[in-house]
Amino acid sequence: MAYAQSVLAVYVAAGLCFGRDGQRLRPHFVRYRGKTGDMAGPDLPLCDFGAQDGGWAKGTAFAENPAAVAFRALIGISLPEMDRGPLMSGQWQPGGLATAWHADPPAPGDFVFSYAVSPTTPAPADIDHAAALIGALLDVVELLDEDEVIVPGWIAQGAEKRDLPAPHPAAPPEIGARTDGKAGSGHRQPLHSVVGAQPSIVALARHWSLVAGAIADGSGLPAPITGFRLRRTADWQVPSTGDPAEVYEHLGRVCNVSCKFCYLFGNPGNLAIARGTRVIRQDEVETRLRYFLADTGQALFHAEWENNETLVDPKLPQLLPRLREASDKPFFFVTNGNPLTPAMLDLLASVKPVHVIVSINSANPELRADVMRESKTRRARALEGLYGLDDRGISFGISLAAFPEFPIDDLQATIEHVATLRAAYVRINLPGYTRYLPPEHPFDTPSTWARVTEWARALRAHVRLPILVIPSAFEENLYHDDPVAARVIGTIPNSPADRAGLRPGDVIERIGLLPVTSRASAQALLSLDRGDARLTVRRGAAVHTLCLDATAGAFPYVGESYGKYRFPKGMVLAPSLSDADIRQVCDQIDDYGAKNAWVFTSRLMMPAVRRLLAPYDLWDRVRLVPVDNHYLGGNIQVLDMATIGDMTRHVEAETTAAARPDLLLSPGTGFNREGRDLLGRHWKDLPNHFDIPCELMSCSRFTF
Ligand code: SF4
């Protein structure tokens, strides 16, 4: 932020920036874009224009070349690299001017975070340099005049004028390859790992590409710059939730099987998540561990890599005990099961609380080996590993992919097998695919999903395990009139909900004296209630009262948390929208006085949104817009995997002069913690592009 502040301050003070209306801009503050206003951090001062406009209003020359000031800010936090190493001292010498630097040696021990650079050729003229740099920084920060956000449209220097870059919201940032590990620059991290997670590093890369062509070494000889490195690791510590996954998730960069349906193979090449080709280096893990301070809520900057099979990284055994000392939060792993050797099981048992989802897919060894392309030894270990989890009292759930490769008879045999073990639940993934990896055996999505769902519903009657079918909205919409009712999918064996006698299909109508209006409200009330609770439950035509003792419970019930799932008191309910979520929609419409607000949703979740919005009688002011996922294609429907480009397509296609939206409302769950979509584009690029106000709504994942 200090870097962006220094660079923009000098350009703003030089009076270069103009609004789309042609007015010269005078922003006083700069603020990190963040995801929402309260997460954006403090406003930092840009420059004090004083009571008078002073010299800047006439566009007079700044006392020093702004590009040189910007370069000093750049060199303050990063260093250029040639193929053979960093350039610790040198000079930037565009047009005969030279700005020299000399850097101290790096602190020993820290991993060097380094990224590739492609020099811009030919070197841009001053005003083009300024436009490109300001454009890059305005992807990371926004300018403010007091509380109002100012969006510059162009810059001018003397008689010359340049539009600021404003890529279409569907356009991916141009940042090179997504994979690591190319020979010669193998130590470099792909920018895809930070474009959504730490976009300021991408701004640094853009700045380096502008200046790289004019870098010389200490003796003035041209230095071919191929990359840059972060100068001091400590500069890149960020607020942390204290979740140890922020460290160990980096160990999941490779997998030891190759499932025919692997969702990772279906990822587009420009996804804002890097692809690893080898395990993480020891010194990177050590550095991340050193800067992970759960007590004070700090960690090294986030980076996003495809999450493969964490349990295969040989560094895990020495890492987990050290992380357990640093944090008592649960560890959560998704594994294909074959790394569950006795030694691994003992390790996991020694660092509880741990929850593991085992993607067992099939208990038939031949079938599993064929579809997951797995060796004989490994498939045997995966199936034996389930017994090991059970023996050691390690909490686990089972995951099955209902692709046609696994016939229903096989899924049933697998579930009946795991039901003899103390798994907490079974999760059946309805088969999903993107346009980049169509299924090997094509199927019709609605009929296949309906067939699997119907079978799973029947199975719940005679298997004690709760069986989730995801995305769960498909079942809730297909089989029930009320898509948000607090309908029980099942209960964790030995949980308070199980012992109270709740059954699949029961609908919870009251908890104590409080009416339950949605699954979300049932989950919230059950989470809050620490003592006994009386549940009023509708079972078919009958109404029952059940007593739930919050203190009753034994393994596999381990409390509310099961990895990414929350099952309060062991009650398994599908996620749903809440009344509070919908009230946000109404409040925003009122606050903006909107006459034609568009609410983005998905075809899957739209019945629930419609049902909860109905009592507010806003249909003359609000329109639900189900967003088609053009980016991923295939049969992907959930809005949390759509991009702002997908939303943009709808606004472009469906806006008419008579029906232009005056407010756009989007759930925030499709954007990462920085407010970025799957391409790394910030959600505010949507309102900026259309000049229509837009707000993000907070809600649970997979509910819109
Ligand atoms: S186990 Fe998971 S990550 Fe590995 S190939 Fe299969 S689906 Fe992909």
Side-chain angles (χ1 to χ4, degrees), residues 178-181 192-193 245 248-269 271 273-280 304-314 316 331-341 344 348 355-386 389 396-406 410-411 414 418 423 426-441 468 470-471 563-564 632 634-636 638 641 678:
R178 194 159 75 88
T179 50
D180 65 357
H192 284 265
S193 66
Y248 69 71
E249 70 185 2
H250 291 276
L251 273 62
R253 292 194 187 164
V254 295
C255 189
N256 62 356
V257 296
S258 179
C259 301
K260 292 178 180 173
F261 53 79
C262 178
Y263 68 105
L264 298 177
F265 302 147
N267 281 340
L271 190 73
I273 298 176
R275 169 163 292 175
T277 57
R278 55 193 173 172
V279 294
I280 187 173
E304 291 179 323
W305 293 77
E306 284 178 340
N307 201 3
N308 285 258
E309 177 56 72
T310 309
L311 300 188
V312 292
D313 192 305
L316 199 73
F331 295 150
F332 167 49
F333 302 103
V334 180
T335 175
N336 64 47
N338 73 41
L340 294 173
T341 60
M344 177 59 69
L348 297 179
H355 183 71
V356 182
I357 292 184
V358 187
S359 299
I360 204 75
N361 289 325
S362 174
N364 175 334
E366 280 73 35
L367 185 58
R368 175 179 154 112
D370 176 50
V371 180
M372 296 175 72
R373 296 188 272 233
E374 185 181 43
S375 72
K376 270 187 188 170
T377 326
R378 285 180 172 159
R379 76 192 178 199
R381 266 207 317 255
L383 297 168
E384 284 159 15
L386 300 181
L389 291 167
F396 70 104
I398 297 290
S399 181
L400 308 174
F403 275 88
E405 284 81 352
F406 298 112
D410 181 73
L411 293 175
T414 302
V418 299
V426 171
R427 178 183 81 183
I428 298 171
N429 303 296
L430 294 171
Y433 60 91
T434 72
R435 73 170 83 218
Y436 304 96
L437 186 70
E440 193 171 77
H441 304 292
L468 294 100
I470 60 171
K564 64 181 179 181
L632 293 175
N635 68 353
I636 304 300
V638 287
M641 295 171 80
L678 294 176

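Note that ligands are numbered from 1 as they come in the structure, with each ligand's atoms numbered from 1 the same way. We're numbering straight along the sequence, starting at 1.
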Query raised in the report: Among protein heavy atoms, which lies nearest atom 6 (Fe) of ligand 1, and at what distance?
Result: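 So the nearest neighbour among protein heavy atoms is Cys259 SG, 2.3 Å.
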
Query raised in the report: Strictly by modelled atom types, are Asn336 and Ser359 linked by a side-chain donor-acceptor pair under 3.5 Å?
Result: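 Judged by distance alone, the side chains do not pair up.
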
Requested in this report: Establish, from distance only, whether the side-chain atoms of Thr434 and Asn267 form a donor-acceptor pair under 3.5 Å.
Outcome: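 Judged by distance alone, the side chains do not pair up.
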
Requested in this report: Show your reasoning for whether ring-ring contact (aromatic ring centres under 6.0 Å, His included) applies to Phe333 and Tyr248.
Outcome: CA-CA 10 Å; Phe333 302 103; Tyr248 69 71; 4.8 Å; yes

Query raised in the report: Heavy atom under 4.0 Å from ligand 1: found in Val257's side chain, backbone, both, or neither?
Result: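 For Val257, backbone and side-chain atoms both sit under 4.0 Å from ligand 1.
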
Requested in this report: Please could you name the atoms of ligand 1 that Asn336 approaches to less than 4.0 Å, counting only its heavy atoms?
Outcome: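 Contacts of ligand 1 toward Asn336, numbered from 1: 1 (S).
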
Report task. Output yes when a protein non-hydrogen atom is found under 4.0 Å of atom 4 (Fe) of ligand 1, and no otherwise. Result ->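 Yes, because at least one protein heavy atom sits under 4.0 Å from atom 4 (Fe) of ligand 1.
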
**Report entry** Metal proximity, Cys255 vs atom 6 (Fe) of ligand 1, N/O/S cut-off 2.8 Å
**Finding:**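 Here the distance criterion (N, O or S atom, under 2.8 Å) is not met by Cys255, so no.
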
Query raised in the report: Out of Gly266, Cys262, Ser258, whose heavy atom sits nearest atom 8 (Fe) of ligand 1?
Result: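 The residue whose heavy atom sits nearest atom 8 (Fe) of ligand 1 is Cys262.
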
Query raised in the report: Hey, is Glu374 close enough to Arg379 for a salt bridge, meaning N to O under 4.0 Å?
Result: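 Between Arg379 and Glu374 there is no salt bridge, as every charged N stays at least 4.0 Å from the carboxylate O atoms.
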
Requested in this report: Would you mind checking if Lys260 and Glu405 are paired as a salt bridge, meaning a charged N to carboxylate O distance below 4.0 Å?
Outcome: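 Judged by the 4.0 Å cut-off on N to carboxylate O distance, Glu405 and Lys260 do not form a salt bridge.
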
